[in-house]
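One structure is given here, and the rest of the page talks about it.
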Amino acid sequence: MILERELYKSIGATRAIAKSLRVYFVTIISGLIKPRLQLVTSFSRGLPELIDSKNCSNCKKCELICPTNCLSIEEKSDQLESFILDVSACIFCGLCSDVCSPKVLTLTDHRPLASHGESLWKIDLMKRE
Amino acid sequence: MVTPNSFLNYYSGKLNVIDDSNAELILEPNEDIKGIFKKLKEEFGFIMLIDIFGLDLLKKKSFDPQNERRFQVVYILLNMEMHLRLRVVVNVDVEKNEVLPSCRDLWAAAHWCEREIWEMFGISFGTESEKRLLSVSGLKGFPFRKDFSFNGLDESLDSEESIFENITDVPKYKLNLVDSFSIGPIHPALKGSMKLHLQIEGDGILNSQLEVGYLHRSIEKLCEEKLYTQIIPLTDRLNFFSAASNNIGWCKAVEDLVNIEISDKAKAMRMVASELARVSDHTQCIGSIARAVGMFEPIQLSISIKEIVSSLFERLCGSRFNSSISRIGGMSVEVPSGWVNDCLTTLKVISKKVDEIDTHLTRSTLWIERLRTTTLNAYDAIDLGITGPNLRACGVNYDIRKVSPYYFYEDVEFEIPLGINGDCYDRYLVRIEEIRQSLKIISQVLDSLPLGKMCVDKLKTELDLNPLNFAPNLCEGYSMTETPNGELGFFISSDGENRPYRVKIKGPSFFSAQAFSSMLENTKVNDAMISLCSMNIVAGEVDR
Ligand code: SF4
Ligand code: SF4
């Protein structure tokens, strides 16, 4: 707890007790009243999302700019085949959505911090639409 | 009295004048380098060594192996009176076993820089410099050379050296009090990993050494393989408590290199972002000192200030810490509506909390008693190349925001707080006052925020600003900003490609860490943590 010897030394016993009690009650009451800490809000940058795969021009700019090389695009006869994102490597920097000129790749506020298995770290953005 | 003119005349033939406050001098190793440096320091007043770094020219397009020397060592010197920066370039050929003279006796700051150059490039400055600093022992070859390829570690070289020499001048009856131990590598305030070796007698410290390199990620080498824009997220990881100001430093360096003028609003918002980062970094530093002393309320207050600043950043750009907030040519986002008002109201809250920290700490006898340690005088601080609040705490008035103002720092009103004694208490006082000045700057800038856009596509430049194609012409340059810990400089050498040829980051903590190694002598063991926190050494910036 807050009752620390050094504190008494610095401000004297009476003030220290008063202070400790104040902190004690304030912590308890604010713990009850305040909502719990929200880690992710709607402003947060999170995983990229492909909102409209039909308008994606397969230019692969996002793949080239990604600093962690976590996007990989495969195409089959000019059609988008798969759009794989490595969730464990993405750092939510937003460079991919910056360079996407049709603006079909944007960032969401979704930040997964755990997964059930190794394979789930790689997701196909086309299937998530 | 030395004037810029007398200096320019003396070296008239050899000096390339870059602009009003920058010049370049090129030397060959057969000249009397030591003599020239001595003259520069003693007669022309270049009393501070900003940085030394190496450059391997092997893959440069213009390099001619027959007639030119392969390596360059670049010294950046500062004359604090004339605000003149001099870049001294020395050409070396390692194959001919050329050894450069060490400048340790002229500028104490040179020691770690020389060790770093030796381990990265294999350029020797005498036997004292031939000790590894950042990389693992047993690494074969010199990693920053352009023809380096990694082929394993040499196990035989991996030998444990004893860190301290045996003490001989202690009287015999005291000998069993002499002991040595190490703290770390986990930093108590989570500023990265470093190890502090202490040799003690009773509880007094005889010798100390800070071992760095645990967080070495070789960012400078990584930069050579990345596009200019891809480096922005990397700079987040330098001083991770004030990521925004590192981003801005990098983008400013690139823009200075290619002479891009960004929009007024982007300039103003960059100031706001870097001052907000300064607020959070300084409160974090004060919080960590309070933790080392054992006072609890200031820690709570500093955490809550950091929380407020992080939520402001989150509203602004979507990320609390690794903000990646700026882009080359502007900022990554536009200001969300309502953000400016929110920011102005929260500034009042922050300022109230800062006052509260002030009433808890500044006059507290315990606080003053515990913090009156590890004095650094101004002469040593300049000699050791310390910049930022740690230098100003010694009473040296040097702040890049004042001496070579960038963006609108000329037009806003703020003061530079100075200390007197240069001890931990003064470093604390300077930081708390700088928070107030930062808040003042932010409110002035936000009150008269220029209109317009931050990410403008059409800037006056012939270069392609598309992140994938952006490629400066053949040029090199050094540019610096004032970050919370001091001068953060980027030296960029470009070969006309879309990736930089060489990047050198001058982290302010590197020099604080070097100074700290020798500062602890004649203090007590329980002051060691307080001093370490008060210097605000962040391992991300030291090791890079
Ligand atoms: S947010 Fe950044 S790291 Fe993630 S996919 Fe986009 S560019 Fe890559
Ligand atoms: S940058 Fe945009 S358009 Fe180009 S491949 Fe990526 S998602 Fe598709």
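All chains are named by letter (A, B, ...) in the order of the sequence lines, taking the proteins before the strands, and each is independently numbered beginning at 1.
Heavy-atom contacts from other residues, nucleotides or ligands closer than 6.0 Å to CZ of A:R22 number 12 or fewer. Atom CD of A:E74 has 12 or fewer neighbouring heavy atoms from other residues, nucleotides or ligands inside a 6.0 Å radius. With a 6.0 Å radius and a threshold of 12 heavy atoms from other residues, nucleotides or ligands, A:K103 has its NZ atom above the threshold.
Between the CG atom of A:L95 and the CD1 atom of B:I232 there is a distance of 6.5 Å, given to the nearest 0.5 Å.
When heavy atoms are compared at a cutoff of 4.5 Å, B:N322 approaches chain A solely by way of its backbone atoms N, CA, C and O. For B:S311, no part lies near chain A; criterion is any non-hydrogen pair under 4.5 Å.
Of residues 61-72 of chain A, those residues with a non-hydrogen atom less than 4.5 Å from any non-hydrogen atom of chain B are, in numerical order, A:K61, A:L64, A:I65, A:C66, A:P67. Close approach to chain A, defined as a heavy atom under 4.5 Å from one of its heavy atoms, is seen in no residue of residues 335-345 of chain B.
Minimum heavy-atom separation, B:C317 to A:R45: O-NH1, 3.2 Å.
Side-chain contact check for B:R237 versus A:I91: some heavy-atom pair is nearer than 4.5 Å.
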